[in-house]
Amino acid sequence: MADARALVHRRAGLRLWLSAGWIALVAAAALLAPWIAPHDPLAQDLFLGRLPPFWMEGTEPGYWLGTDSLGRDVLSRILHGARIALIVAVIAGTLTCLIGATLGLLAGFLRGWVDLVISRLIDIWMAFPPVLFSILLIAVLGPGLTSIIIAIVVIDWTRFARVVRAEAMAQGAMDYVASARVAGRTRIGTMLREILPNVLPTIVVLLTLEMGIAVIVEAILSFVNLSISTDDPTWGGMIAEGRTSVHQAWWVLVFPLVTLFLTVLAFSQLGEGLKDRYDPVLQ
Amino acid sequence: MTDLLRITGLHLSLPDLNRKPLIGAAPRIHILKGVDFAIAKGEIVGIVGGSGSGKSTLARTLVRLLEPSAGTIHFDGQDISHLSEAALRPLRRRFQMIFQDPMSSLNPRHTVAQIIEGPLALHDVANPSDRMREALDAVGLGQRFATRHPHQMSGGQRQRVGIARAIALRPDFIVADEIVSGLDVSSQAQVLSLLERLVADLGLTLAFISHDLSVIRRLCNRIIVLDKGVIVENAPSAEVFDTPKAAATRELLASILLPEVGADWQT
Ligand SMILES: Nc1ncnc2c1ncn2[C@@H]1O[C@H](COP(=O)(O)OP(=O)(O)O)[C@@H](O)[C@H]1O
Ligand SMILES: [Mg+2]
């Protein structure tokens, strides 16, 4: 019996450490890219085009993951690409979370006309198809990092608002809320001190999930060339370029794709891992 | 004796959201239909009634979680029936409630210390952590429970935390709504004798709500029987048990006598 619990704990711990470890690695790459990248990510050298990764025939020393058709170093470009991926993940994820969770919490706990207004807003918002909405937004705002972040926040806050609203509403029906009122706690005080700790685990899971989604959205927008100026290396941009020459140089496509996949996976697992580790109710 | 609590002509109706039409207001469901009684300082009054008779609604109205539709509630001479939440706040320390289900009434993500100290901090009680420890001692929980979360305790222990939270504020009046119904028989007995002792030690006035007369008999000086939102009996305990007047009382009495039918099956 105790062993089964310990096993669950160890598995949960492993999930947390693997996902947190990978994200720490990506963060280190983003911060230190200019110093640890073996080459200039933009430097072209047509004599070094389409070099394969280090374990294959016909490589040049120093180009670990090979080069693309313009002779740019794939590893250096992935390391530099981590910057934009992480900036978008952290800023867009956090902003989406703050706006969506706050509105959801207010609607679900205060109910009444506040809920009426916020719920209508959510309904109207969700009627827009998100992909069309984002492309439209970027067309209006013009491509660029800020536009991507705004597009993600504007489209995805409803994801938080809906879930947090439902959760806050369920928690609001519990007697500990009535008890706080009997003790003389104000409505807002009750929302922050009693309800918030109980929706926080859900918010954390949603937040890290959203960070993963932000990385994908940025990649998709780069892929369709709506993201950053095409010079800055991004994972989505690399995937788009790699796709055209996948038969001659698969590594240009595969390495950024795997990095992207692992990062999104790590973000989605991080929240669950944190919840398993730190939620007092699961201890 | 002076009345600590006086209820006159109390009516309460709530919108019945289950039967709300698509457009327009929900029909109101009339739950308390003219309730009059008073509770003297130091008295322990039992409020009994079948399920759905309005006991919990009455309890919540007494501590002004609900606002009466008509009638008045006087607490220590002051009319609190329609006071705003802000005006009630300073008074709230003086009347407390213990809830039926501690799984729901204790915040699952707070520690016992946070649960008990929260209300103390709100009322600017000095040394809340000393008070919290005192309250834990008073309900027979050791200090090691201070750092636990509700799910790490048994049902009886949780209910003791609910009691500790209420008494830590040193209120004058407590309403306890079916606080032992969720417990097994032995924890029921323990919690009841604990309550009995605390009431005597702290000079509390208590409204003890239950659907089970056998629980009430041992604790209460006086019994109020509620049936479909009206009081059908209000008399000293002995009188209610010996010469019940209302049909609803006899029904409740019959339901506790039922087990004794099994005791003489051999004859
Ligand atoms: N919020 C509510 N909305 C509609 N009906 C309610 C509400 N609360 C209680 N009632 C109804 O009022 C009656 C009395 O409920 P309650 O006071 O909980 O009774 P008791 O505690 O004696 O079992 C029940 O019929 C119940 O269905
Ligand atoms: Mg009840």
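Every chain is numbered from 1, with letters handed out A, B, ... down the list of sequences.
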Considering distance alone, list the donor-acceptor pairs between chain A and chain B shorter than 3.5 Å.
from      : atom 1 : to        : atom 2 : distance (Å)
Asp175(A) : N      : Ser104(B) : O      : 3.3
Asp175(A) : N      : Ser104(B) : OG     : 2.8
Asp175(A) : OD1    : Arg60(B)  : NH2    : 3.0
Tyr176(A) : N      : Ser104(B) : O      : 2.8
Ser179(A) : OG     : Arg165(B) : NE     : 3.3
Ser179(A) : OG     : Arg165(B) : NH1    : 3.1
Ser179(A) : OG     : Arg165(B) : NH2    : 3.1
Arg181(A) : O      : Arg92(B)  : NE     : 3.1
Arg181(A) : NE     : Glu85(B)  : OE1    : 3.1
Arg181(A) : NH1    : Leu65(B)  : O      : 3.2
Arg181(A) : NH2    : Glu85(B)  : OE1    : 3.2
Val182(A) : O      : Gln96(B)  : NE2    : 3.4
Ala183(A) : O      : His123(B) : NE2    : 2.7
Gly184(A) : O      : Arg89(B)  : NE     : 3.0
Arg193(A) : O      : His110(B) : NE2    : 3.0
Glu194(A) : O      : Asn107(B) : ND2    : 3.1
Glu194(A) : OE1    : Asn107(B) : ND2    : 2.9
Asn198(A) : OD1    : Arg109(B) : NH1    : 2.9
Asn198(A) : ND2    : Asn107(B) : OD1    : 2.8
Asp279(A) : OD1    : Arg109(B) : NE     : 2.9
Asp279(A) : OD2    : Arg109(B) : NH2    : 2.8
Pro280(A) : O      : His151(B) : NE2    : 3.4
Val281(A) : O      : His151(B) : NE2    : 3.4

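- Heavy-atom neighbours of chain B within the stretch residues 17-33 of chain A, taken at a separation under 4.5 angstrom, are nonexistent.
- Interface residue Leu65(B): backbone and side-chain heavy atoms are both found under 4.5 Å from chain A.
- Ranking Gly189(A), Ala173(A), Pro280(A) against chain B, the residue ahead of the rest is Pro280(A), based on heavy-atom pairs under 4.5 Å.
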